[in-house]
Amino acid sequence: MNFPYAEPFKIKTIENVKRSTMEQRKQWIEEAHYNLFNLKSEQVFIDLLTDSGTGSMSDNQWAEIMKGDEAYAGSKSFELLKSTVQRITGFKYMIPTHQGRAAENVLFSALVKEGDIVPGNAHFDTTKAHIEFRKSKAIDCTIDEAANTDVFHPFKGNIDLNKLEDVFKKYPKEKIPMVIMTITCNTAGGQPVSMKNIRETGALCKKYGIPLYFDGARFAENAYFIHKREDAYRHAKIKEIVKEMFSYGDGMTMSAKKDGLVNMGGFIATNSEDAYNKATVFAILFEGFITYGGMSGRDMGALAVGLDEATELDYLESRVQQVHYLGRKLMAENVPVQQPIGGHAIYLDANKFVPTIPKEQFRAQSLAIELYIIGGIRGVEIGTILADRDPETGKNRYPDLELVRLAIPRRTYSDNHMNYVAAVLEHVYNTRHEARTGYEIIYEPPILRHFTVKLRKI
Ligand SMILES: *Cc1c(COP(=O)(O)O)cnc(C)c1O
């Protein structure tokens, strides 16, 4: 029997959201300098800006919040989190941090220095910024298929081992403090990395004596794709897959706001005593004592429960299937989306959506603004604004892909919300030949400009 899939949970509490008119939204986005980060949440009907920290917690997580132990040192909640991270990831040492970029800051302060090279698969923006901030360089070794939205490849987050080995051969070992593998690969479109690729990358790193660290923000979703798409793992439990994935590396940074199923939090985990010892110094300096690192006890407790819930097949099935439900609806109407659909978001191919706008006028950003004005939907640009300027030349970097990401929060919206989003997108796509507005920058900060950039209509 093949019945439709249904969520393995029901709703216990709700949050009202506000509707608005197109006239209101036109005014609000102008006041926000055409930067969607500047909108108030009340001005948004369906908020797909990010799946980071925007999910819903379970009753068991809320119960753990009540049990939080707020002792400065050695709290029970820390012990619970530590033993959960050890059990799920297999890594021996764990340092909590207040979110993922804080984990990057602490770990890179310990391991990355000026002039270093950090290869990986399309580093996430904060990861890249933390590398470049230290005057070192991130080298993208993702497989070429990742850049073509029409090509179907089951694991578009994979590292190209030849590209990686070329980097290993070109630079002395001392210059490469680590490889960072992002699972799933956010920047490439939430695309997973196969177990085979993780295993082979791990082996190549070992051969050259270079540590492999995971950016594990969506490790559970990555494990789900391995379960679905890699034959040998069809009958494996998600928790077994997760354990094996991490067994090929030396450590990880984690933004718990994703697959930790909490609204704030993160950690570093590693098997290296040396890396752990070095990192604790910076953890204490930047985050707090090593048994809380920027998190309250109750939040560590909720994270521990969240990690267990996020690594259950039933949950992952409903989470990823909802993203794919929206994706399938869009593809049925020929709306250009990146394929295959990733784990946490739909990526609209703005080059095909608004071909009339020159790339210098920020195509993807202009599409994101259009979706907001027409439907009250907030997505985010993953294109030229996010790619920022080349640190050496100061000129815009034009990425191959101009995307708008619609990230789906975990356990938060219904499929009816997805139907609404699909209807708005179909409308915007079907009217793509009408005149569209391009934009120019009137203010930008030195790095991570997308958060605070100000634009004006051309
Ligand atoms: C969100 C994210 C980060 C940064 O984490 P924050 O919690 O937002 O600081 C790093 N890497 C990836 C892949 C992410 O998705």
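Quick caveat, the model's predicted, so the values are computed rather than measured.
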Any salt bridge (Lys or Arg N to Asp or Glu O under 4.0 Å) involving [range]? Give me the pairs, sequence neighbours left out, ordered by first then second residue.
range	result
residues 255-265	Asp259-Arg410
residues 169-198	Lys196-Glu200
residues 184-193	none

Do [X] and [Y] have side-chain atoms, one donor and one acceptor, less than 3.5 Å apart?
X	Y	value
Ser56	Thr412	yes
Ser58	Glu309	yes
Gln339	Tyr347	no
Glu104	Thr127	yes

Could [X] and [Y] be called an ion pair, given the rule that one side-chain N must be under 4.0 Å from one carboxylate O?
X	Y	result
Arg199	Glu244	yes
Arg449	Asp388	yes
Asp51	Arg319	yes
Glu31	Lys40	no
Lys156	Glu145	no
Glu444	Arg389	yes

Write down the atom of [X], the atom of [Y], and the distance for their closest heavy-atom approach.
X	Y	value
Val118	His123	O-NE2, 2.8 Å
Asn197	Thr201	O-OG1, 2.6 Å
Tyr413	Gln322	O-NE2, 2.8 Å

Q. Is it true that the NZ or CZ of Arg101 lies under 6.0 Å from the centre of Phe124's six-membered ring and within 45 degrees of the ring axis?
A.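 Because its charged atom misses either the 6.0 Å distance or the 45° angle limit, Arg101 does not stack over Phe124.
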Q. When the ring planes of Tyr34 and Tyr439 are compared, do they come out parallel, tilted or perpendicular, using 30° and 60° as the limits?
A.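 Tilted: the ring planes of Tyr34 and Tyr439 meet at 30° to 60°.
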Counting only N and O atoms by type, is there a donor-acceptor contact under 3.5 Å from the side chain of [X] to the main-chain atoms of [Y]?
X	Y	result
Thr184	Asn222	no
His33	Asn38	no
Glu221	Leu316	no
Arg405	Leu49	yes
His130	Val106	no

Per-pair distances, 0.1 Å, donor-acceptor, side chain in residues 450-458, under 3.5 Å, sequence neighbours excluded:
residue : atom : partner : partner atom : Å
His450  : NE2  : Asp125  : OD2          : 3.0
Arg456  : NE   : Glu440  : OE2          : 3.0

List for me each residue that meets salt bridge (Lys or Arg N to Asp or Glu O under 4.0 Å) alongside [X], sequence neighbours excluded, and say none if there are none.
X	result
Asp140	none
Glu132	Arg397
Lys135	none
Arg378	Asp47

Quick one, [X] and [Y] - any side-chain contact, counting heavy atoms below 4.5 Å?
X	Y	result
Leu348	Leu371	yes
Val421	Leu326	yes
Ile176	Pro119	yes
Phe353	Arg363	no
His153	Ile143	yes
Leu36	Val380	no

Q: Walk me through it: do Glu165 and Tyr208 pass the test side-chain hydrogen bond (donor to acceptor under 3.5 Å, both in side chains)?
A: CA-CA 9 Å; Glu165 190 158 19; Tyr208 283 84; 2.6 Å; yes
**Q.** Residue among Lys359, Gln365, Glu402 satisfying side-chain hydrogen bond (donor to acceptor under 3.5 Å, both in side chains) with Thr384
**A.**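 The residue from Lys359, Gln365, Glu402 that satisfies side-chain hydrogen bond (donor to acceptor under 3.5 Å, both in side chains) with Thr384 turns out to be Glu402.
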Exceeds 12 heavy-atom contacts within 6.0 angstrom, atom [atom1] of [X]:
X	atom1	answer
Lys163	NZ	yes
Glu30	CD	no
Phe133	CZ	no
Lys352	NZ	yes

Q | Pairs satisfying side chain to side chain donor-acceptor pair (under 3.5 Å), at least one member in residues 269-284, at least two apart | A |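 The answer is Tyr213-Thr270, Asp274-Lys278.
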To the closest 0.5 Å, what do you measure between [atom1] ([X]) and [atom2] ([Y])?
X	Y	atom1	atom2	value
His227	Glu240	NE2	CD	11.0 Å
Leu367	Thr437	CG	OG1	12.0 Å
Ser136	Ile131	OG	CD1	6.0 Å
Lys239	Ile88	NZ	CD1	5.0 Å
Leu313	Ile238	CG	CD1	5.0 Å
Tyr292	Phe78	OH	CZ	12.5 Å

(Q) Among residues at least two apart in sequence or on other chains, which ones pass ring-ring contact (aromatic ring centres under 6.0 Å, His included) with Phe219? (A)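 Here the qualifying residues are Phe246.
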List the atom pairs, with distances to 0.1 Å, where a side-chain N or O of residues 260-269 and a protein N or O form a donor-acceptor pair under 3.5 Å, not counting sequence neighbours.
residue : atom : partner : partner atom : Å
Asn263  : ND2  : Gly53   : O            : 2.9
Asn263  : ND2  : Gly55   : O            : 3.3

Q. Going through the distances and angles, do Glu114 and Lys137 end up as a salt bridge (charged side-chain N to carboxylate O under 4.0 Å, His left out)?
A. CA-CA 9 Å; Glu114 186 170 340; Lys137 202 169 152 195; over 6 Å; no
Atom pairs and distances, side-chain donor-acceptor, residues 296-306, under 3.5 Å, sequence neighbours left out:
residue : atom : partner : partner atom : Å
Ser296  : OG   : Asp299  : OD2          : 3.0
Arg298  : NH1  : Glu70   : OE2          : 3.4

